[in-house]
Structures are given as C-alpha cells and as structure tokens.
Amino acid sequence: MKMKAALVTDLEKVSIEEIERPRIKDDEVLIKARTVGVCGSDLHLFRGTHAFRKPPAILGHEIAGDVVEIGKNVRSVKVGDRVTVEPQYGCGECEFCRQGLVNLCQKKVVPGTAKWIGVFVEYFNAPEKTVYKLNDAVGYPMGTMIEPLAVAVRAVRKATVKEKDCLVILGSGTIGLLCLVVAKHLGYETVICTDVARFNLDMAIKHGATRAIDPRETDLADTVRQLTNGKGADLALIAAGAPNILDQASACVKKCGEIGVIAMITEKIPFHSYQIVFNEQRMYGAMTYATRDFREAAEMVNGGLDLTDFVTQTLDLAHTQEGLDILSRKKENVVKVMVEF
Ligand SMILES: NC(=O)c1ccc[n+]([C@@H]2O[C@H](COP(=O)([O-])OP(=O)(O)OC[C@H]3O[C@@H](n4cnc5c(N)ncnc54)[C@H](O)[C@@H]3O)[C@@H](O)[C@H]2O)c1
Ligand SMILES: [Zn+2]
Ligand SMILES: [Zn+2]
C-alpha cells in the first residue's frame, strides 16, 4: 500500500511523494500521523548543513497520532491509543545505553535515516518501547510538543549548580521558550531571555520571563548584574547561534556558574576562555534527551501543561515547503510550525 510523504529532495526543496507504507515488525506499532512538527534540525537538512542527513530524506521526528495496528508481541499499547514517539532507540548494550543515555549511543537509530522512516508520512512505524500514550485531554499538537519539550528538560536538568536565583536563556525560539517553561516549573526565580525578534521577546515575557532583551540594543551582562545585585546568573542556556554567543553567556554567569549549550552551531566561533577560568565556570552540552527526560516531558504535558501558544502556524502536508520556508526565513512571527493530517 502507498502513502504520502514529505521529502527534502534538493537544497531548500520539499516534494510530496507516494512511497510504500511501512510494514510493522512484531515489536512495533503503526501510527496514523495526526500532527507533525517542523524542527530546527529539519532546517539543517533543508539547508544542507545537517551532519549526517542528506537529501533525499523524509522530514521530521516530532509526531502525535493514533495507533492503527500493533505487532504480535506488543503489550502496552493498543489500537486506538493516541500516542507520541520518542524518536530514538539505542543498541541497549553500550556504556551509554546502560546508563539510559540513548542520546549518546553510537548505534542510535533515529527517524529520517536508512533504518527508520521520517515522521512526515501518513503512517509511521515505531517500536513499542518508544511509544508514549497521551491522555484524552491532550490534543495532538501538544502531544507533538513533547519532543522539543524533552530537549528543554534535559538542558535545564543537566545543570549541577544548586542555586536557582537567576537563569539566562540566550535565544527565545522554540527551544529557548520551552527552557523558560521548564525552568519556571523547576522553580527558577528570575529568568532573563534574549532574542533578536520582538515577537519572541514578547512571547518570553508572556511565559514568565522577568526581562526579555535584544542583546544588540541592551547589554546583557549589565542587565543581569542589575537584576542580581551584581552577582551574575547561576546558569545560562544557549539556544541560538551567533558569533559572540559563548562570550555573552560567560559574561553574564556568576563565579562557579554554568553554561549549557543546546544550539547546534556548526561553524567555529571565537571564545575568550579567560572568563571561564577566572570565574571557575563550567560548560556542558545538552544533546536531545535521555529517555527519562522524554518521560518527564510526557508527564508534564499529560499533567495539563499547555503550550498551545507556541504553535504559531498549522499547515497541511501539501504546504510543508511553505512551513520550512517560514521557519527558515522567519518571514512571519513563528515559534513552532505544525503540519496537520
Ligand atoms: N541539542 C539539541 O538536542 C537540540 C535540539 C533541538 C534544537 N537544537 C538547536 O537549538 C537551537 C535553537 O533551536 P530552535 O528550534 O529554538 O530554533 P529557532 O530558530 O526557533 O530559535 C532560535 C532563536 O534565536 C533567535 N536569535 C538569533 N540570533 C540571536 C542572537 N544573536 N541572540 C539571541 N537570539 C537570537 C532567533 O530570533 C530565534 O528566535 C538551534 O541551533 C537548534 O539546531 C538543539
Ligand atoms: Zn525536534
Ligand atoms: Zn548503545
């Protein structure tokens, strides 16, 4: 049986093609997609800057839908369940898998590759262990937001600095705003967000940021010092790419504070390491999520966390190209673009 799929076929070119519907294995379920999200990493494929995905490739890894078929060994999920999928599974044996760090497994399998179809398809197969049920009250778009929310959960949770007085989030796109939501949830008091787009700054204020500034107009480190009696932030999370972003983050963090890097900055950028030494700061990377982070994000959404505001555009599959163009060129006010089936 055939189905429709959205593929990046060339640089910045999306086509809708008929492909073979996946057949499920005994430990898999078949999901009829209801909403799928466009993510920053889809843009890397779209623009030809992705580390390993090259066209032609099926887009996407953020999905919510209905289970329409289950393999004969599947026990925890049934036909008719509304679900989302953690879009990764590991080898189960390596040192990282044994610690639950599937995100770091060398043999990790992710959608949109030779081993697993992308989610911009009418029917998506997924191993039972990657499937999470959605409560009845959770709409498909919110189910689809669990994946990016899990990225934010990991980034905020990875910090080891104990104080939660002040957090700085550099970049208030989908990931930055979701970090804000998670940080408020975990009890950060003062959260200062940056962005270069007015709409995103307003969105940050709406979702509880103490201050939201354009760092080209207002000095970030000064703002942080003013709001922390000169101490600096406990933590800074980098959720945007810019040549000066590491220095900006380091300049606003206190002694013994931390810098978490989430943004996938693929080119080399300069960094004055002196500040980090002088102030004994720590820097860490946050790569997607471990399964426990995904579970926590699913629990937050199933518990009623509403992220509706962040879905700024909803298009149909035929308009996937437009969705990527909007996100890529920021030609409209945009946080999350979703495709609805
Ligand atoms: N580590 C991971 O697992 C992971 C997962 C998802 C996304 N990412 C990466 O995180 C980054 C953010 O993703 P996103 O989906 O939120 O992207 P996005 O495009 O929605 O958000 C980026 C935001 O940064 C803003 N921005 C641009 N220049 C800025 C600057 N100089 N200072 C402050 N803000 C600036 C933009 O206006 C935009 O609002 C991307 O690099 C993406 O590839 C990483
Ligand atoms: Zn994503
Ligand atoms: Zn492994």
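Order of appearance sets the numbers: ligands from 1, and atoms from 1 within every ligand. Note that the numbering runs from 1 along the sequence shown for the chain.
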Task: CD (Q106) with more than 12 external heavy atoms under 6.0 Å - done: no
Does the side chain of T9 come under 3.5 Å of the side chain of S15 through a donor N or O and an acceptor N or O? yes
re atom 31 (N) of ligand 1, the protein heavy-atom contact at minimum distance is A242 CB, 3.4 Å
The N/O/S atom of E62 lying closest to the Zn ion (ligand 2) is OE2
Ranked by distance from atom 32 (N) of ligand 1, the top protein heavy atom is P215 CG, 3.9 Å
Under a 3.5 Å distance rule, please check whether D81 uses its side chain to pair with a backbone N or O of V83 as donor and acceptor. no
- V335 N/O to ligand 1 N/O under 3.5 Å: no
Carefully, step by step, assess V161 and K254 under the rule side chain to side chain contact (heavy atoms under 4.5 Å, CB included). CA-CA 11 Å; V161 56; K254 71 177 186 184; 4.1 Å; yes
Output, in order, the C-alpha distance, side-chain angles, deciding distance and verdict of side chain to side chain contact (heavy atoms under 4.5 Å, CB included) for E332 and F199. CA-CA 10 Å; E332 294 174 17; F199 176 76; over 6 Å; no
(Q) For the 3.5 Å polar cut-off, considering only N or O atoms, please tell me whether A239 and ligand 1 meet it. (A) no
Self-check item: ligand 1 contacted by R216 (non-hydrogen, < 4.0 Å)
Solution: no
Taking the Zn ion (ligand 3) as the apex, SG on C97 and SG on C91 give an angle, to 10°, of 110°
- Task: Measure the distances from the heavy atoms of H44 to every atom of ligand 1 and state whether one is below 4.0 angstrom.
- Result: yes
Per residue E147, nearest N, O or S atom to the Zn ion (ligand 2) is named OE1
Checklist entry - Taking the side chain from K184 and the backbone from E189, do they hold a donor-acceptor pair closer than 3.5 Å? => result yes
If you compare T174, I175, I265 by their heavy atoms, the one closest to atom 7 (C) of ligand 1 turns out to be I175
Closest to atom 21 (O) of ligand 1 by heavy-atom distance, out of A263, A240, G173, is G173
The protein heavy atom nearest to atom 27 (C) of ligand 1 is V196 CG2, 3.7 Å
### Message
Would F310 and V181 count as a side chain to side chain contact (heavy atoms under 4.5 Å, CB included) here? Give the steps.
### Response
CA-CA 11 Å; F310 296 157; V181 169; 3.8 Å; yes
Closest heavy-atom approach to atom 33 (C) of ligand 1 among T194, L237, I213 is made by T194
among protein heavy atoms, the one nearest atom 19 (O) of ligand 1 is K330 NZ, 2.8 Å
Exercise. Counting only heavy atoms not in K72, do more than 12 sit closer than 6.0 Å to its NZ atom?
Worked result: no
TODO: May I ask you to check whether S41 has an N/O atom sitting below 3.5 Å from an N/O atom of ligand 1?
DONE: no
Q.
For the residue pair T84 / E147, report whether a side-chain donor-acceptor contact shorter than 3.5 Å exists.
A. no
If you scan protein heavy atoms around atom 41 (O) of ligand 1, the nearest is M264 N, 3.1 Å
* T49 side chain to T266 side chain, donor-acceptor N/O pair below 3.5 angstrom -> no
Between D234 and K164, does any side-chain N to carboxylate O distance fall below 4.0 Å? no
*Regarding Y132 and E86, is there a side-chain donor-to-acceptor distance under 3.5 Å anywhere?*
yes
**Item:** Check ion pair K32-D66 (N to O, under 4.0 angstrom)
**Value:** no
The closest protein heavy-atom partner of atom 1 (N) of ligand 1 is A286 O, 2.8 Å
Any heavy atom of I262 under 4.0 Å from ligand 1? The part involved is both
If we number the atoms of ligand 1 from 1 as shown, the ones under 4.0 Å from a heavy atom of N200 are 39 (O)
Atom 3 (O) of ligand 1 has as its nearest protein heavy atom T288 N, 2.6 Å
In terms of its nearest heavy atom to atom 39 (O) of ligand 1, the top option of D195, L177, L220 is D195
Note to self: Strictly less than 4.0 Å: does any protein heavy-atom distance to atom 17 (O) of ligand 1 fall in that range?
What the structure shows: no
Looking only at protein heavy atoms, what sits closest to atom 5 (C) of ligand 1 is V151 CG1, 3.6 Å
Side-chain ion pair, D309 and K206, N-O less than 4.0 Å:
yes
